[in-house]
Undergrad: 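Before I ask anything, let me first share the structure, which is written out below as C-alpha cells.
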Amino acid sequence: MGRKAVLGPGQWCRWGGTGGRDGTPQSPGSAPRPRSTPTRAWRGVLALLVAAAVAVPLAGAARPQPPAPPPAHLAPPTPATLATTYAAHRANAREASRMAAEHGDHHRADVERTLATSQLLDFDGRGPGLATEVLGDLAHADRVAVLVPGSDTGLDTYGRFRATALALHGRLTREAPAGTRTAVVAWLGYETPGTVSTAVATTGRAEEAAPRLRDLVRDVRAVAGRHVRLSLLCHSYGSVVCARAAGHLDADDIALLGSPGTGADTAAGLRTGARIWAARGAGDWVGDVPHLSADLLGTTVGFGADPVSPEFGARVFAAGDGGHSDYFAPGSASLANLTRIVLGETRAVTS
C-alpha cells in the first residue's frame, strides 16, 4: 500500500489537511515520520476523527431516515426479464416515495418519485438508500459505462450523481459512431462513507462494496452480452471500491478520477486485464495532499500511491482545470476524454 508506517505507542504520523475547496476531507498524505509527540496538525486531525466517530452516529440518531419498503428480491436480470426487473424496482420506488411523503420528507419523496419513472436494475429506499439506474438501451448496447460514486452519495444527494450520468450519456449519444449504441449505468450500490467520518479514510466500505460491484458487472454483461465494451469510471472513494473489485472484474477499462489512492503500489498491482486510466483536475484538492497508508491502532488509514504519478503506471489523461466534482462537467476536457475511453477511441485520448 504505497509507503507505509506502523505507528506504535507515542508515535504519530502527519498527514494533510482535512478539507478541500468543496468541503470534502482530504485523503492521508505523505509517508509518516515518527515523532515522540504529536504535531498540532495531527492533533487536529485525530480530534476530527474522534469527533466524527461520535457526532456522525448521534446526528443520524437525531434525524431518522424516512420509512421505506424492503427491496424487491429478483433473479439476476436477463434480456428477457429486463423489463420485469425495471417494473418491479419502479414499483418499489413509488411505494418508498409515498411513505417518505407521509413521513414528511418531501425531498426524499421527490427523488424517489423521479426514480419511479426510471430504468432501475436495483432500488432500496431504506436508510441512506441504494439505486442502480440505467440510461439508454442496455440490452442492445455496444458500449457501456458504469459510474461508481464517492463519499456522501445517497438518495438524498442522488440528483448530483444522476447529473453526471446524464452528462456522460448525452455526450456518448452525440459522439458515438453511426450504428454504435451506448448505455450508462449509475451504480449507487453501496453505502458510501460520509465526508466527515472515520470511514472515508479506510478501505472498510470499499471491501464491503467490491463483491456487489462484481455482481453488477456480471449482470450488465448477462444483459448486454459478452461483446459489449465495458468501462468503469470511478470517482474519489469510488476508485478505492473499483480497486478492491478489479482483480475479479470483467471490464475493458477502469478510470480513476480524483483518486485518493487504490491501496496498490502500481496499476499492475490491481491484478486486472483492464486498462487502468487516471486523471486529476488542476483544481482538485486531492493534488495538494501527499499519499500514504499507515497502520493506526490496528486500522489501515490512507490508500497509498498516487494513481497519477509516473511510478504508478496508469494511463494518465487530461482533466483540465476542474475541481474535485467537475470530472463530468459539460464541455470539460475530462468528460471529452472519458467519452473517448468509453467509445474505445483510446488513441484520441489527450494527456
Side-chain angles (χ1 to χ4, degrees), residues 19-25 52 54-74 83-136 146-170 184-197 199-200 205 209 212 216 235-238 323-330:
R21 295 189 303 179
D22 61 355
T24 307
V54 175
V56 171
L58 289 179
R63 186 187 176 195
Q65 297 287 351
H73 292 290
L74 307 171
T84 301
T85 298
Y86 288 162
H89 292 303
R90 279 197 296 261
N92 192 275
R94 280 194 297 273
E95 178 61 11
S97 176
R98 183 192 67 77
M99 294 174 71
E102 289 186 353
H103 184 71
D105 193 334
H106 299 292
H107 173 72
R108 174 68 74 89
D110 289 344
V111 171
E112 292 168 335
R113 190 175 301 112
T114 297
L115 285 169
T117 65
S118 304
Q119 299 180 141
L120 297 177
L121 282 178
D122 194 23
F123 177 82
D124 185 350
R126 299 172 301 176
L130 305 174
T132 301
E133 182 179 3
V134 176
L135 303 176
V146 176
L147 306 188
V148 181
S151 62
D152 277 340
T153 307
L155 291 185
D156 289 335
T157 59
Y158 187 76
R160 68 189 185 195
F161 180 47
R162 190 171 197 261
T164 66
L166 289 168
L168 177 64
H169 184 247
V184 172
V185 179
W187 183 72
L188 175 55
Y190 75 110
E191 184 177 343
T192 67
T195 292
V196 182
S197 72
V200 79
R205 295 287 176 88
R212 301 177 188 177
L216 181 277
H235 178 242
S236 194
Y237 191 87
H324 192 63
S325 302
D326 298 331
Y327 291 95
F328 295 89

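Computed over heavy atoms, backbone and side chain alike; hydrogens, waters and symmetry mates excluded.
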Undergrad: With a 3.5 Å distance limit and no angle check, can you tell me whether D156 reaches the backbone of R108 through a side-chain donor-acceptor pair?
TA: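 Side chain of D156 to backbone of R108: no pair is present.
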Undergrad: Between T153 and P149, which heavy-atom pair has the shortest distance, and what is it?
TA: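 Where T153 meets P149 most closely, the heavy atoms are OG1-CB, 3.7 Å.
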Undergrad: Check for a donor-acceptor pair, side chain of R205 on one end and backbone N or O of E191 on the other, with a separation under 3.5 Å.
TA: yes
Undergrad: Could you tell me which non-hydrogen atom of F161 sits nearest to which non-hydrogen atom of L188, and how far apart they are?
TA: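 So the two residues come closest at CE2-N, 4.0 Å.
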Undergrad: Nearest 0.5 Å, what's the CH2-CG distance between W187 and D122?
TA: 10.0 Å
Undergrad: Locate the shortest heavy-atom distance separating G150 from S236; write the atom from each residue and the value.
TA: CA-CB, 4.3 Å
Undergrad: Return a table of donor-acceptor pairs under 3.5 angstrom between the side chains of residues 126-134 and protein atoms on other chains or two or more places apart.
TA:
| unit_1 | atom_1 | unit_2 | atom_2 | d |
| --- | --- | --- | --- | --- |
| R126 | NE | D124 | OD1 | 3.0 |
| R126 | NE | D124 | OD2 | 3.4 |
| R126 | NH2 | D124 | OD2 | 2.9 |
| E133 | OE1 | Y158 | OH | 2.7 |
| E133 | OE1 | R162 | NE | 3.0 |
| E133 | OE2 | S118 | OG | 3.2 |
| E133 | OE2 | R162 | NE | 2.9 |
| E133 | OE2 | R162 | NH2 | 2.8 |

Undergrad: Sub-3.5 Å donor-acceptor pair from the side chain of Q119 to the main-chain atoms of G136, do we have one?
TA: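 The answer is yes, because a donor-acceptor pair under 3.5 Å joins these two groups.
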Undergrad: Atom OG1 in T117, atom CD in E112: separation rounded to 0.5 Å?
TA: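 Between T117 OG1 and E112 CD, I get 12.5 Å after rounding to 0.5 Å.
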Undergrad: Using a 4.5 Å cut-off on heavy atoms from C-beta on, say whether the side chain of L135 contacts that of L168.
TA: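 Answer no - side chains too far apart.
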Undergrad: Within a strict 4.5 Å, meaning less than it, do heavy atoms of the L115 and L155 side chains meet?
TA: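 SC-SC contact between L115 and L155 confirmed.
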Undergrad: Taking all non-hydrogen atoms of both residues into account, name the closest pair between A96 and F123 and its distance.
TA: CB-CE2, 3.8 Å
Undergrad: Just by modelled atom types, is the S325 backbone N or O under 3.5 Å from a matching donor or acceptor in the H235 side chain?
TA: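 A pair under 3.5 Å: no.
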Undergrad: Determine, stepwise, if the pair N92 / L120 fulfils side-chain contact (heavy atoms from CB on, under 4.5 Å).
TA: CA-CA 10 Å; N92 192 275; L120 297 177; over 6 Å; no
Undergrad: Could you tell me which residues satisfy ring-ring contact (aromatic ring centres under 6.0 Å, His included) with H89, sequence neighbours excluded, listed by chain and number?
TA: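 Listed in chain order: nothing, the list is empty.
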